[in-house]
Amino acid sequence: MVDLYGKDFITTQEWSVEELRHAIDVARKLRAIVKRGDRPPRVLDRKNFFMLFYAPSTRTRGAFEAATAILGGHPAFIDVSTTRMEEAVKDAAKMYDSYADGIGVRILDKYIDFVYGAGLKVVREFARAAKVPVINMADCTFHPTQGLGDIMTIEEKLGKLQGKKYTITWAYSSKPRGRCSIQEEVLIATRFGMDVTLSHPEGFEIDPKIVEWAKQNAKESGGSFEICHDFEEGLKGANVVFPRSWGTAEFLRVGASKFGVDKEIAIYNRYRNWMLDQRHVDDLMDKPAIVTHVLPVMRGEEATDAVMDGPNSVIYEQADDNFYAKMATLALTMAKEVPL
Ligand code: CP
């Protein structure tokens, strides 16, 4: 019997595979209810979900806001820049804890000067101070509801995940970005038995702790995890590709102010050919092959329009599944029972 009521969701790595499976199952049931034109049970009736956005969002905000309302709850959108940011995180967290039945926090990228670890530290402080569940809506390190929704789409499209190759590849962009989605994908895909290849140029290494966990996950699930430094080599035989830019390890270690954004972009400019095109999918990937992206995708940089709008792209289904993954997360963590 899986019980997620009251549980924080900071990273998929902190939920068991059974709990993740249960959340996916609930997300699929909620999707079926909505798709047939019905309304899910109002399990969040008279409950408040406070969504604290230190950093902006299109999808995550929209999905959490709509999902809370559909479940009968009240989504309170807080643009943190309009609040008293000077106070201790603990004090703000204690206050929201008394108003809320659940708290979501998003803090990443330029809102933490790209300093790796700074966003997760705030999310953890909220989780320590609050008795209600704290849901990580993306920080410097993790993006759990994204990982949950993405694996749902991949399974939907490929069937059995065991033995399927998932290439998560660095791709060119003219703007620095964090690596929360990358690291979350690496973690959840290795938990579910996939053969994961993380592909990037030298210097873009992810958190060594995530690499260690991914190797351990793969050992336990019967999957595999490898790192590759060649764009085309990494794509060979893949069933899934996720082309996404992220910052160099040094940039994310010291932060943008100290390292310099121009210096960082000059490094990316050496790898402009790390851009996914339909030719890569057709010539290098296995069949079936799907192209994913958490969005926003940097069109003409990370990937061409041809591939993002092409026959293998599943980006809009993925965004849709992410809605239900978030709905399931809210229902399971904030409601005692979810009758479906
Ligand atoms: N994928 C995702 O987190 O998108 P947003 O940044 O728009 O929320």
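Bear in mind the structure is a predicted one, so any value in this text is a computation, not a measurement. Counting starts at 1 for both ligands and their atoms, in listed order.
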Answer with yes or no whether Met137 contacts ligand 1, where contact means a heavy atom under 4.0 Å from a ligand atom.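 Distance cut 4.0 Å: Met137 fails for ligand 1.
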Tyr99 OH: over 12 foreign heavy atoms closer than 6.0 Å: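 For Tyr99, atom OH is not crowded (no more than 12 foreign heavy atoms under 6.0 Å).
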Using a 4.0 Å cut-off to any heavy atom of [X], which atoms of ligand 1 qualify?
X      : value
Leu295 : 1 (N), 2 (C), 4 (O)
Thr58  : 5 (P), 7 (O), 8 (O)
Gln146 : 1 (N), 2 (C), 3 (O)

Is the NZ or CZ atom of Arg61 positioned over Phe77's six-membered ring, under 6.0 angstrom from the centre and within 45° of the axis?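 Yes, a cation-pi geometry holds between Arg61 and Phe77.
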Give yes if a backbone or side-chain nitrogen or oxygen of Val294 is under 3.5 Å from a nitrogen or oxygen of ligand 1, and no if not.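 Yes, since at least one N or O of Val294 sits under 3.5 Å from an N or O of ligand 1.
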So which heavy atom in the protein is nearest atom 6 (O) of ligand 1, and how far is it from that ligand atom?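 Its nearest protein heavy-atom neighbour is Arg106 NH1, 3.0 Å.
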What residue and heavy atom of the protein are closest to atom 4 (O) of ligand 1, and at what distance?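 Going atom by atom, the protein heavy atom closest to atom 4 (O) of ligand 1 ends up being Arg59 NE, 3.0 Å.
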Looking only at side chains, do Tyr172 and Asn273 share a donor and an acceptor under 3.5 Å apart?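 Looking only at side-chain atoms, Asn273 and Tyr172 do not form any donor-acceptor pair under 3.5 Å.
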If we count only N and O atoms by modelled type, under 3.5 Å, do the side chains of Thr333 and Lys7 hold a donor and an acceptor together?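 There is no such pair (donor and acceptor under 3.5 Å, judged by atom type) between the side chains of Thr333 and Lys7.
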Heavy-atom nearest neighbour of atom 3 (O) of ligand 1 within options Arg61, His143, Gln318: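 The residue whose heavy atom sits nearest atom 3 (O) of ligand 1 is His143.
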Just one of Arg272, Arg177, Lys175 clears the salt bridge (charged side-chain N to carboxylate O under 4.0 Å, His left out) bar with Glu302, so which one?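 Per the salt bridge (charged side-chain N to carboxylate O under 4.0 Å, His left out) rule, the option paired with Glu302 is Arg177, out of Arg272, Arg177, Lys175.
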Fit a plane to each ring of Phe49 and Phe64, take the angle between them on a 0 to 90° scale, and name the class: parallel (under 30°), tilted (30 to 60°) or perpendicular (over 60°).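 If you compare the ring of Phe49 with that of Phe64, the planes turn out tilted.
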